[in-house]
A.B. asks: 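One structure, pasted below without further comment.
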Amino acid sequence: MIEKALKGNRSYWIWTLFLGALVASGLSAYYQQRWLGLTVTGMGREASWGLYTAQFTFLVGVAASAVMVTLLHQKELTKTVIIALFMAASATLMSILFAVADMGKPDRLLNIIFYTNPRSLVFWDLLFLSGYLATTLTAGWAMLGAEKKGVPPPAWVKSLLNLSIPLAVGIFFATAFLYGGLPDLSLWVTGVLALRFIASAFAAGMALLILVTLIVKKTKGLDTGKEAREKLAMVATYAGVANVLLLGVQFFTTFYGNAPLLWFSLIAGVVSVAILLIPASRKSQQWLVAACTALVLSVWVDKSAGLLIGGELFPAPLGSIVTYAPTSTEMFVVAGIWSFGSLLFTALLKVVVAVKAEHRG
Amino acid sequence: MKSRKLLWLVTFAAISLFAAFYLFSNGEAETPQKPLARVSVVDSTKCIAPKEFMRANHMQVLHGWERSVVRDGDRVHIASNGSRFQKSLGTCLGCHNNRLFCFSCHSYANVKPKCWNCHLSPMETQ
Amino acid sequence: MMNEQRREFIKKTALGVFVGLGAASGLVPAFSLEKTALPVWDEKPVPGKIRWGMLIDTRKCKEGCQQCVAACHHEHNVPAFKNRREEIRWIWKNSYKNVFPTADNAGASKEIQSRTFLSLCNHCADSPCTQICPTGATFKRWDGIVEIDYHRCIGCRFCMPACPYGSLSFNWQDPRTAIVDPVTAYPTREQGVVEKCNFCSDRLIKGLQPACVEVCPEQALVFGDLNDPASDIRVLLESNVTMQRKPELGTKPSVFYII
């Protein structure tokens with residue numbers, strides 16, 4: 001089936017080559033980082049985490065939230081399931097790559113398995129992520145294969161999908177409590193952190209899925225259905241409302257300093273939720289695109305800036321405040337990993353579109 | 001179908017319980033080991049094992065030494081003939097004090113051991 | 001901490017080792033890296049029997065004196081990166097409000113608040129860094145020392161924000177370029193691993209006191225076994241009012257301060 005990703009029109013190849021070029025520049029930046037050490041990033045003694053961890057957090061949430069499509073288990077969503085699974089797989093892969101890019105000694109990555117520390121939430125998080133990647137990718141691929149043959153998917157696919165549910169729940173809890181349990185990062189440690197992580201993940205994940213289905217519809221004419229998008233929009237709205245409320249609570253309870261990026265996040269969140277709450281604007285495609293884009297951006301900024309940088313400010317364990325600014329090397333690596341994930345997702349979507357077109361024709 | 005869902009639920013619950021047990025229990029209840037008799041002589045005049053064995057297995061021996069010294073504080077190696085050695089790179093290099101001892105083979109075989117990233121290599125000393 | 005019998009024991013065995021070495025090689029070994037010497041504790045240690053601890057009498061600690069810092073950093077090949085972002089430190093002096101940020105400042109005099117205080121790894125009994133480490137590279141030893149296994153560390157740095165005392169440093173680049181006056185008796189670290197104070201486990205095994213304790217001209221530092229009621233440190237802990245850093249977090253530090 002994969003050969004279907006090798007046939008495409010001009011714009012498909014331009015897009016693919018563009019991503020490929022970004023992957024190449026990311027690789028060369030990463031090579032520099034491997035050679036010279038993490039000194040090429042903007043991180044340091046006090047700001048020991050930066051852009052990589054931010055992307056990791058964001059993508060983990062997006063990946064795990066895709067489980068909602070399986071969980072809802074509704075007729076309207078049957079056409080969306082495969083796309084959601086592939087989005088989950090791509091996002092999971094990216095999040096694992098970001099975790100590896102952040103490591104000082106990635107060549108020792110397997111030590112996590114050789115010398116397991118079962119008390120470590122980092123270990124559980126990476127374990128759940130690997131399992132989730134395997135289940136979503138395999139299940140999606142098998143469902144697609146069955147569709148190509150025009151037969152119902154094999155019985156074990158159902159078991160895999162069921163297995164992905166507890167794995168996603170595990171990812172949510174391991175990640176949220178991993179950050180929540182760090183004793184002295186005041187921004188992280190608020191009672192609502194775990195809840196907010198889950199709420200924002202569902203908001204951003206569902207919004208992103210809506211955007212993806214709209215792109216597929218526009219470029220390839222494959223429509224997964226207006227009803228499906230309405231269902232997803234509903235989940236995104238509920239999650240978005242919860243997230244904005246919790247973010248508001250955090251604004252009042254924690255010191256955010258002069259953090260313009262966080263204000264942006266809050267305002268974009270409020271606006272997008274408002275658009276989604278009004279039935280007329282939710283049903284209009286333009287407004288839906290605008291709301292979803294704003295929602296994804298709001299959560300992304302909040303994850304990168306809010307939880308990590310605090311709007312250019314990072315509270316260090318000893319109370320001093322240290323500035324963090326990512327370097328160009330860091331940004332190239334980030335762009336490279338994002339492009340790699342998008343490339344994979346594009347190829348998978350291409351196969352989906354081709355199979356569905358074949359089936360229809 | 002119902003029973004299968006139940007099965008998943010039970011499996012998930014079992015895994016969570018297992019995880020919770022590990023995470024929140026103090027997993028440090030090791031049984032105290034019986035201390036070995038105190039030794040007064042460390043033998044550094046012979047090799048710890050036959051040449052052929054060491055040629056093939058020195059990396060495993062060193063890795064085992066590193067683990068038991070760092071993790072368990074077990075610093076004395078008892079050879080099969082009963083002689084005792086301190087588990088240390090210095091024990092090896094004390095006898096094999098030809099500066100090229102490690103490098104001649106490793107460069108021939110194009111092997112790049114990571115020992116010298118941290119430990120001082122014989123080439124770096126005067 | 002160390003009795004005469006032990007001292008005698010090391011002398012004899014160390015002598016034996018060097019005689020043996022000399023005989024085997026026929027000449028004095030040219031390189032003296034990480035010398036072999038029979039450890040004081042040559043038997044397998046009993047987990048939990050000893051718990052090493054330190055008491056810092058900050059009244060004796062002289063303002064401006066950096067001897068302990070210099071001795072520690074020299075002895076352990078700690079690189080001296082100048083910029084603050086990449087700084088690596090095992091022991092350092094810091095202001096009262098940074099060392100005891102959660103202590104009741106109302107009771108502390110101006111004089112106390114203007115002093116600097118030694119900070120180092122607290123070798124907590126309930127250490128968050130060892131709990132979060134995914135590979136167990138940061139681990140609790142049999143004698144209460146929180147040690148980093150540099151062979152195993154993957155450089156994920158989760159331990160750094162997990163430590164409420166900022167005790168861990170990361171090697172953002174190859175540390176060997178910044179070691180001013182390297183010693184051959186102790187290894188360096190490498191690019192990409194985390195490092196910190198090891199309570200001089202390398203010296204303890206030779207029956208020596210930690211470098212900072214030994215070098216302090218005011219004898220402001222006392223080191224000993226917290227599990228031994230007869231040890232100097234226990235006697236001093238019982239006869240003085242002491243405090244720990246951020247005790248409310250429940251990490252149970254093994255480093256105590258007399259203010």
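Just so it is clear, the structure is predicted and the values come from calculations on it, not from any experiment.
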A.B. asks: Looking only at heavy atoms and a cut-off of under 4.5 Å, which of C/Glu147, C/Arg189, C/Arg152, C/Gln191 has the most pairs with chain B?
C.D. replies: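 Option with the greatest count: C/Arg152.
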
A.B. asks: Provide the closest heavy-atom pair for C/Thr184 versus B/Leu120 in the form atom of the first, atom of the second, distance.
C.D. replies: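 Where C/Thr184 meets B/Leu120 most closely, the heavy atoms are CG2-CD2, 3.3 Å.
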
A.B. asks: Could you tell me which non-hydrogen atom of B/Gly73 sits nearest to which non-hydrogen atom of C/Pro45, and how far apart they are?
C.D. replies: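 Shortest heavy-atom separation between B/Gly73 and C/Pro45 comes out as O-CD, 3.3 Å.
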
A.B. asks: Could you look at B/Arg67 and say if it's the side chain, the backbone, both or neither that has a heavy atom under 4.5 Å from chain C?
C.D. replies: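 Side chain of B/Arg67 only, per the 4.5 Å heavy-atom cut-off to chain C.
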
A.B. asks: Quick one: CG on B/Asp74 to CH2 on C/Trp142, what's the gap to the nearest 0.5 Å?
C.D. replies: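 One finds 9.0 Å between CG of B/Asp74 and CH2 of C/Trp142.
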
A.B. asks: Considering only heavy atoms from C-beta outward, does the side chain of C/Phe139 approach that of B/Val70 to under 4.5 Å?
C.D. replies: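 A side-chain contact under 4.5 Å exists here.
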
A.B. asks: Name the member of C/Thr188, C/Asn77, C/Asp143, C/Asp174 that forms the most heavy-atom pairs with chain B at distances under 4.5 Å.
C.D. replies: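 Looking at each of C/Thr188, C/Asn77, C/Asp143, C/Asp174 in turn, C/Thr188 comes out on top.
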
A.B. asks: Testing the basics here: between B/Cys118 and C/Arg176, what is the closest heavy-atom pair and its distance to 0.1 Å?
C.D. replies: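 In this case the closest contact between B/Cys118 and C/Arg176 is O-NH2, 2.8 Å.
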
A.B. asks: Does a side-chain N-to-carboxylate-O contact under 4.0 Å join C/Asp149 and B/Arg71?
C.D. replies: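 Yes, C/Asp149 and B/Arg71 are salt-bridged.
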
A.B. asks: May I ask you to name which of C/Lys49, C/Arg141, C/Glu190 has the most heavy-atom pairs under 4.5 Å with chain B?
C.D. replies: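 Most pairs with chain B among the choices: C/Glu190.
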
